[in-house]
J.: 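Before I ask anything, let me first share the structure, which is written out below as structure tokens.
Keep in mind that what you see is a predicted model, and the values were worked out from it rather than measured.
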Amino acid sequence: MDNPLKQKIAQSIAITGPMPISQYMHLCNAHPDLGYYSTGNPVGKDGDFITAPEISQMFGELIGLWCLQAWQAMGSPDPVQIVELGPGRGTMITDVIRSIKSSREFADATQICLVETSASLQVQQRSKLSETDMRVDWVENIEQLPPIPAIFIANEFLDALPFRQFVKTNDGWQELCVGLNGEPDSSQLAFVIGSSGLEENLLPPGHENEPVGAIFEHAPAREAITILIAEHIKTNGGAALLIDYGHQKSGFGDTFQAVQSHQPVPTLANPGNSDLTSHVDFQAIGDIAIRSGVNASRIVTQQDFLLAMGLLERAGRLGHGKSALVQQNIQQDVERLVGDEQMGQLFKVLCLTRHDCPVPWFDGNTISS
Ligand code: SAH
């Protein structure tokens, strides 16, 4: 077998039995030597997938504007930190920094903190930010952040964290695991039904009516990070803006996916060489945030959010006086960010704030205090 990570996973399964998808995903994405985010070139045109900040600078600029609104709503604390979770190539934070400089007072009060576990992506981020005059620190987890007010931003971060799948069987809901395909001496990976069940109270309403074979996804790792964000906001003040593909309401269905060179590939075929993700259950994230003692906004689409933040006006200004070709490209970028069939509907936005912080709150198509 030519894939060393696959070999390790197969050996581990042969000894200890099938592993939950969450464990498989953690090994594939985060193994320190062989994991995808340690060795791969995930994001960008030359990478495996394109994210919103890689499509257009306008995305990060509008996130920067949201940070300014959040800071004002928090009572303009000084110092304050903007914390990006999973910053990829550092593109979004670069655009955020440029945009927040429109407010000298905010820029002067702000320090940047990037939460990144991948050593190789940290190198890319450091190089991208080498010229900035703002203070930038890196940490590997939220618990290492300094105890000052924080504005958290995260784009396509939660989807990369491990999740579990449960399948409805005649004997109830059972965990779907990664095992071996049953041939003697085989090291081919296959989905198998494991022995763990699921507490009924974790299932969304209507589970009784789902047919045998239905899939439910549960992501304790995403909920754990949400609790840490909420705790930090509760203790130190702040807000969070979470953007990702996913659903507004908890439901059923298999959303496990692997992407390599911009194409979907089988999830078990090539561990460590493709981007493994699943859709984010924003209702579960919002509920856990509320239970942790912070406000959670209505979950809106990326289309509603970016249009409310002024995407079209920003595009107009960016294109003003430019060639027809440049203007056409900007138009295409807008379409990719907010088009119904593109990112506009699939991507959702959730905002968390401390109880004493009234904005930025989504209300219909406008963000108002
Ligand atoms: N936000 C970027 C990149 C998304 S890819 C963009 O929109 O372009 C996911 C990012 O999350 C990568 O930087 C990856 O290394 C990071 N990541 C994955 N798991 C993480 C974890 N547990 N803690 C911190 N960062 C993580």
Side-chain angles (χ1 to χ4, degrees), residues 29-30 37 42-44 47 49-71 74 79-101 106-107 109-146 148-161 222 225-226 228-230 232-233 236-245 277 280 285 302 305-306 309 347 349-353 360:
N29 282 354
Y37 284 110
V43 193
F49 56 96
I50 296 257
T51 56
E54 301 292 336
I55 290 175
S56 167
Q57 66 183 78
M58 294 183 287
F59 185 81
E61 288 168 354
L62 294 175
I63 302 295
L65 182 59
W66 180 87
C67 290
L68 172 62
Q69 293 179 356
W71 179 66
M74 287 155 60
V80 64
Q81 56 186 332
I82 294 180
V83 180
E84 185 177 357
L85 307 171
R89 302 202 317 166
T91 304
M92 182 164 103
I93 198 66
T94 307
D95 296 332
V96 165
I97 289 174
R98 197 177 50 256
S99 145
I100 67 167
K101 292 214 162 153
F106 181 34
T110 301
Q111 56 197 58
I112 305 289
C113 201
L114 302 180
V115 183
E116 177 60 73
T117 40
S118 155
S120 66
L121 286 175
Q122 264 200 33
V123 170
Q124 283 195 37
Q125 293 153 16
R126 282 180 199 278
S127 133
K128 184 117 191 179
L129 290 163
S130 59
E131 310 264 287
T132 184
D133 55 357
M134 293 196 72
R135 175 177 168 180
V136 187
D137 296 301
W138 277 261
V139 295
E140 283 194 9
N141 59 64
I142 292 174
E143 283 145 310
Q144 295 167 339
L145 291 173
I148 60 171
I151 300 168
F152 290 89
I153 51 177
N155 183 61
E156 290 208 35
F157 166 71
L158 290 172
D159 68 70
L161 301 179
R222 297 175 191 165
I225 291 251
T226 306
L228 291 178
I229 296 171
H232 190 97
I233 289 176
N236 303 289
L241 186 72
L242 307 173
I243 306 175
D244 222 309
Y245 41 89
T277 64
V280 173
I285 298 296
Q302 176 163 304
F305 174 71
L306 290 180
M309 290 301 301
F347 280 71
V349 183
L350 171 68
C351 166
L352 310 178
T353 57

J.: Heavy atoms, side chains only, cut-off 4.5 Å: are Ile100 and Ile82 in contact?
T.: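 In short, these two side chains touch, coming nearer than 4.5 Å.
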J.: State, yes or no, whether a side-chain contact exists between Phe152 and Ile233 at a heavy-atom distance under 4.5 Å.
T.: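 Yes, at least one pair of side-chain atoms sits under 4.5 Å.
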J.: Donor-acceptor pair, distance only, cut-off 3.5 Å: does the side chain of Arg222 make one with the backbone of Leu158?
T.: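 Confirmed, Arg222 side chain pairs with Leu158 backbone.
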J.: Please report the closest heavy-atom contact between Glu116 and Glu140, naming both atoms and the distance.
T.: O-CG, 3.7 Å
J.: Give a yes or no on whether the backbone of Tyr37 and the side-chain of Ser118 come within a donor-acceptor separation of less than 3.5 Å.
T.: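 The answer is yes, because a donor-acceptor pair under 3.5 Å joins these two groups.
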J.: Is any side-chain heavy atom of Val43 less than 4.5 Å from a side-chain heavy atom of Phe49?
T.: yes
J.: Go through the steps for Trp66 and Val96 under the test side chain to side chain contact (heavy atoms under 4.5 Å, CB included), then give the verdict.
T.: CA-CA 10 Å; Trp66 180 87; Val96 165; over 6 Å; no
J.: Working to the nearest 0.5 angstrom, can you tell me the gap between Thr110 OG1 and Ile112 CD1?
T.: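 Between Thr110 OG1 and Ile112 CD1, I get 6.5 Å after rounding to 0.5 Å.
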J.: Step by step, would you call Val139 with Val115 a side chain to side chain contact (heavy atoms under 4.5 Å, CB included)?
T.: CA-CA 5 Å; Val139 295; Val115 183; 3.8 Å; yes
J.: Quick check: closest heavy atoms across Phe157 and Asp244, and the distance to 0.1 Å?
T.: N-OD2, 3.3 Å
J.: Using a 4.5 Å cut-off on heavy atoms from C-beta on, say whether the side chain of Asn141 contacts that of Leu228.
T.: no
J.: Could you give the distance from OG (Ser127) to CZ (Arg89), rounded to the nearest 0.5 Å?
T.: 10.0 Å
J.: Do Phe347 and Glu156 come close enough that some side-chain heavy atom pair is under 4.5 Å?
T.: yes
J.: Measure the CG-OG1 distance between Leu85 and Thr117 for me, rounded to the nearest 0.5 Å.
T.: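 One finds 10.5 Å between CG of Leu85 and OG1 of Thr117.
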J.: If you take all heavy atoms of Ala52 and Asn155, which pair is closest and at what distance?
T.: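 Looking at all heavy atoms of both residues, the closest pair is N-ND2, 4.1 Å.
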J.: If you round to the nearest 0.5 Å, how far is CD1 of Ile142 from CD1 of Ile229?
T.: 4.5 Å
J.: Hey, which of Thr91, Ile243, Thr51 is the one that makes side-chain contact (heavy atoms from CB on, under 4.5 Å) with Phe59?
T.: Ile243
J.: Heavy atoms, side chains only, cut-off 4.5 Å: are Phe106 and Cys67 in contact?
T.: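 Counting from C-beta outward, Phe106 and Cys67 do come under 4.5 Å.
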J.: Check the pair Leu241 / Phe305 against side chain to side chain contact (heavy atoms under 4.5 Å, CB included), numbers first and verdict last.
T.: CA-CA 11 Å; Leu241 186 72; Phe305 174 71; 3.8 Å; yes
J.: State, with a plain yes or no, whether a side-chain heavy atom of His232 is found less than 4.5 Å away from one of Gln81.
T.: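 The answer is yes; the side chains approach within 4.5 Å.
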J.: Decide side chain to side chain contact (heavy atoms under 4.5 Å, CB included) for Leu129 and Thr94; before the verdict, give the C-alpha distance in whole Å, the side-chain angles of both, and the deciding distance to 0.1 Å.
T.: CA-CA 7 Å; Leu129 290 163; Thr94 307; 3.9 Å; yes
J.: Drop me the distance from Ser99's OG to Ile63's CD1, to the nearest 0.5 angstrom.
T.: 9.5 Å
J.: Is the backbone of Thr277 close enough, under 3.5 Å, to the side chain of Asp159 for a donor and an acceptor to pair up by distance?
T.: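 Pair absent, no side-chain N/O of Asp159 close to backbone of Thr277.
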J.: Side chains of Ile93 and Gln125: does their closest heavy-atom pair fall under 4.5 Å?
T.: no
J.: Minimum heavy-atom separation for Asp95 and Pro53, please, with both atom names.
T.: OD2-O, 4.4 Å
J.: Any idea which heavy atoms bring Met134 and Ala107 closest together, and the distance?
T.: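 Shortest heavy-atom contact: CE-O, 3.5 Å.
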J.: If you take all heavy atoms of Lys101 and Ile97, which pair is closest and at what distance?
T.: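 Distance-wise, the nearest heavy atoms are CG-O, 3.1 Å.
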